[in-house]
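One structure is given here, and the rest of the page talks about it.
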There are 2 protein chains.
Amino acid sequence: MKIDFDGIQAFVAIAELGGFSKAAEQLHVTQTALTRRVQKLESYLGLRLLDRTTRYVELTVVGREFLPQARSIVSEMTNAVGRLKDMSRNAKGSLTIACIPTMASHALPAVMRRYTAAYPGNRIRIIDASAVEVRNAVLHGQAELGIGIPTERHPDLQETQMLEEPYMFFCREEHPLSRQKSITWADLREAELIVISGLSANRVFLDYQLARRGISIAGAYEVQHLSTAIGLVAAGVGTAILPSSTLEDGARPGLCRIPLIGPVIKRKITLLRRRNATLSPAASAFHALLIERE
Amino acid sequence: MKIDFDGIQAFVAIAELGGFSKAAEQLHVTQTALTRRVQKLESYLGLRLLDRTTRYVELTVVGREFLPQARSIVSEMTNAVGRLKDMSRNAKGSLTIACIPTMASHALPAVMRRYTAAYPGNRIRIIDASAVEVRNAVLHGQAELGIGIPTERHPDLQETQMLEEPYMFFCREEHPLSRQKSITWADLREAELIVISGLSANRVFLDYQLARRGISIAGAYEVQHLSTAIGLVAAGVGTAILPSSTLEDGARPGLCRIPLIGPVIKRKITLLRRRNATLSPAASAFHALLIERE
DNA sequence: CGGCTTTATTGCGATTTGCGCATTACTTGG
DNA sequence: CCAAGTAATGCGCAAATCGCAATAAAGCCG
């Protein structure tokens, strides 16, 4: 036979309010229904929980013993379900998103501001890591959403392109090339390039695109992170080819950002999520904000 | 809408066994039923708890968060109901009984032995107190059963007579009356009686019975408890009129117990319980043993 | 790559459960 | 002894739930 939550809830309400009628009102059912629920529960258990006359209701010894447990069951249940409905109705809940560092400081902040305004109280955890780590975080469920650049395909991963950004040339103002409106790849012969490590998805992508066009570049220095590269450029060590969003125009005095053409090469920023994995309402709302602006 | 325990139970089983079919087997329903339960729960909550294909079942983010709570709800419920059914089926549970001291050491022990043999593990708490206290303990629900002597009637109290025992005369062997086979009340003129306090139900009853018959006795000493009276008799202070069960024949060397006749006056031992108060199965079983032997 | 196996879902009919209304039964206070 | 208040019951209806059979979908393996 099936376990009867209604009966227990009825029992608790009756015991606490001291009567069937009052309990019925609170539970929004008729008193008849409560009578039946209690009868069913008692007959299922094989013992009486309430001694009742038409005049008063009183707990039996067993009922008195059971009441605290019953109360706890009911409240635990009610709370849990309430929380879930709240998550569903108001997209409440915390949210983890993985993101490559450039985007974390470029595209994300605006969305985060709008999200927090719309759903205050939701905790957001950002895993800022390399594109490969972003991919894995999404794949293994550590993050519900990921923002990165295309990497190795995986059948369980679903990618949506969000935006594209060109690679640009970064140098100091006193650099010989800094006055040009645009620069071609051929101009980079002796540019003392700081390049990103071959383990980076950025580098893999860039190499692939250049190789397709028969272009090759040589790096004098190699680092792991874009931010380090920018730092070295600023320090006068050399120049670098980096995604445009690595640094906003004029964000750092003394540094120039110059379009690279012939050809223009762009990297795609993609939004990652696991295929067949339902997003939590909180993540779903964030997802909506992300794709709404493209 | 109504809270759905079945759905949660299904969810937990599926999550833990990793599939609808296995869970269905454990819950003794068809797999179809589980599909429906989960669907109903999810649509009620407005969110998905399980991502499932025909090949595997996996928790969603929300489901993963909810699982521990759900598990705790289910196990708490299952345990609580299990305990209650155990109480009902096997008369498990603890039991409190109030009893006047003489009966606690006279009639009770045999019943307790049989009870413990039949229902091992049940804790028995005995409130050994005066007849008035026994009455109140039962009346106020501190004890489910009471063994005492008739006191003031109360509409909520139900009394069943268990046995009767005569008052007898107690003295030391060297006492002049100790050789008689029986003693009449008239013989007690100069017996140096130790009597029980007038607050005792015993005394009230005895006085009433004697007065009805125009007999009066005078006490030289007065104590509260029967056991104290016996002690004083043994110490040679005087003699006493006490219920026969106060001391078994020969239980204390040097003391005599002699029938009092002309007339024989007996006190009734009654079993008390609250009217309209259902006994716990444990108490009910004890009650059955008590009245079975009359 | 196409059939095969496995597993969840759906359509449908039958049964059961649960509810509310109206009425009854019972207790108690005046 | 009557009146008021409260729980229980008879009855009929509505909805939920289930099981069976058929269907759909996803990976496995030859």
Side-chain angles (χ1 to χ4, degrees), chain A residues 1-45 48-60 63 81 153-158 274-278, chain B residues 1-45 48-60 63 154-158 274-278:
Chain A
M1 204 200 218
K2 253 174 30 186
I3 285 185
D4 176 15
F5 178 79
D6 292 345
I8 294 180
Q9 190 182 34
F11 164 67
V12 171
I14 293 167
E16 294 195 330
L17 300 178
F20 282 64
S21 314
K22 287 168 209 144
E25 192 178 343
Q26 173 177 299
L27 296 180
H28 307 295
V29 289
T30 58
Q31 164 262 331
T32 309
L34 289 198
T35 296
R36 297 246 158 78
R37 286 189 192 176
V38 172
Q39 283 174 342
K40 187 184 160 209
L41 177 62
E42 286 181 337
S43 93
Y44 169 60
L45 294 174
R48 245 176 133 67
L49 297 173
L50 296 167
D51 276 323
R52 43 201 188 272
T53 70
T54 63
R55 214 58 193 169
Y56 60 83
V57 174
E58 201 178 10
L59 290 165
T60 63
V81 170
R153 289 281 185 165
H154 190 287
D156 287 352
L157 273 183
Q158 180 181 330
R274 281 193 60 194
R275 197 183 301 280
N276 298 329
T278 308
Chain B
M1 203 199 219
K2 254 173 30 185
I3 285 185
D4 175 16
F5 178 79
D6 292 344
I8 294 181
Q9 190 181 34
F11 164 67
V12 171
I14 293 166
E16 295 195 330
L17 300 178
F20 281 65
S21 314
K22 287 168 210 142
E25 193 178 343
Q26 173 176 302
L27 295 180
H28 308 296
V29 290
T30 58
Q31 166 262 354
T32 308
L34 290 197
T35 296
R36 298 248 158 76
R37 286 189 191 176
V38 172
Q39 284 173 341
K40 186 186 160 207
L41 177 64
E42 286 181 337
S43 91
Y44 169 60
L45 294 174
R48 244 177 133 65
L49 297 173
L50 295 168
D51 276 323
R52 40 203 190 272
T53 70
T54 63
R55 214 54 195 171
Y56 59 83
V57 174
E58 201 178 10
L59 290 165
T60 63
H154 190 287
D156 287 352
L157 273 182
Q158 180 181 329
R274 282 194 60 195
R275 196 182 304 280
N276 298 329
T278 308

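Labels below follow one simple rule: chain letters A, B, ... track the order of the sequence lines, proteins then strands, and each chain is numbered from 1.
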Taking only side-chain N and O atoms of R52(B), does any of them lie within less than 4.0 angstrom of OP1 or OP2 on dT9(C)? yes

Distance, rounded to the nearest Å, where K22(B) contributes NZ and dT7(C) contributes P: 7 Å

Among the nucleotides dC19(C), dA8(D), dT9(C), whichever has the atom closest to the side chain of F20(A) is dA8(D)

Side chain proximity check, Y44(A) to D4(A), heavy atoms < 4.5 angstrom: no

Go through dA8(D), dC21(C), dA21(D) for me and flag the one nearest to the T30(A) side chain. dC21(C)

Just call it for R37(B): base, sugar-phosphate, or nothing, with non-hydrogen atoms closer than 4.0 Å on any strand. sugar-phosphate

Is T35(B) touching bases, backbone alone, or none of the nucleic acid, heavy atoms closer than 4.0 Å? base

Check: L157(B) main-chain N/O paired with R275(B) side-chain donor or acceptor under 3.5 Å: yes

Contact state string [nucleotides 24-30 of chain D, B base, S sugar-phosphate only, - no protein heavy atom under 4.0 Å]: -BSS---

Could you tell me whether the side chain of L50(A) reaches within less than 4.5 Å of the side chain of L59(A), counting heavy atoms only? yes

Judged by atom type as modelled, is there a donor-acceptor pair below 3.5 Å linking the side chain of D51(B) to the main-chain atoms of T278(A)? yes

Could you work out which one of dG20(C), dC20(D), dA7(D) sits closest to the side chain of V29(A)? dG20(C)

Between C1' on dA16(D) and CG on D6(A), what's the gap in Å once rounded to a whole number? 12 Å

Please state how far atom CG in D51(A) lies from atom C1' in dT6(D), giving the value in whole angstrom units. 16 Å

Hey, which sits more toward the 5' end of DNA chain C by its nearest nucleotide, Q39(B) or L34(A)? Q39(B)

Of the listed dC18(D), dC21(C), dT9(C), the closest approach to the K2(A) side chain comes from dC18(D)

Between dT27(C) (C1') and R275(B) (CZ): distance, integer Å: 14 Å

When the distance from CZ of R36(B) to P of dT10(C) is rounded to whole Å, what number comes out? 8 Å

Distance check, rounded to the nearest 0.5 Å: L27(B) atom CG versus Q9(B) atom CD? 5.0 Å

Taking atom types as modelled and ignoring hydrogens, do the side chains of T35(A) and Q31(A) form a donor-acceptor contact shorter than 3.5 angstrom? yes

Any side-chain heavy atom of R52(A) within less than 4.5 Å of one from V38(A)? yes

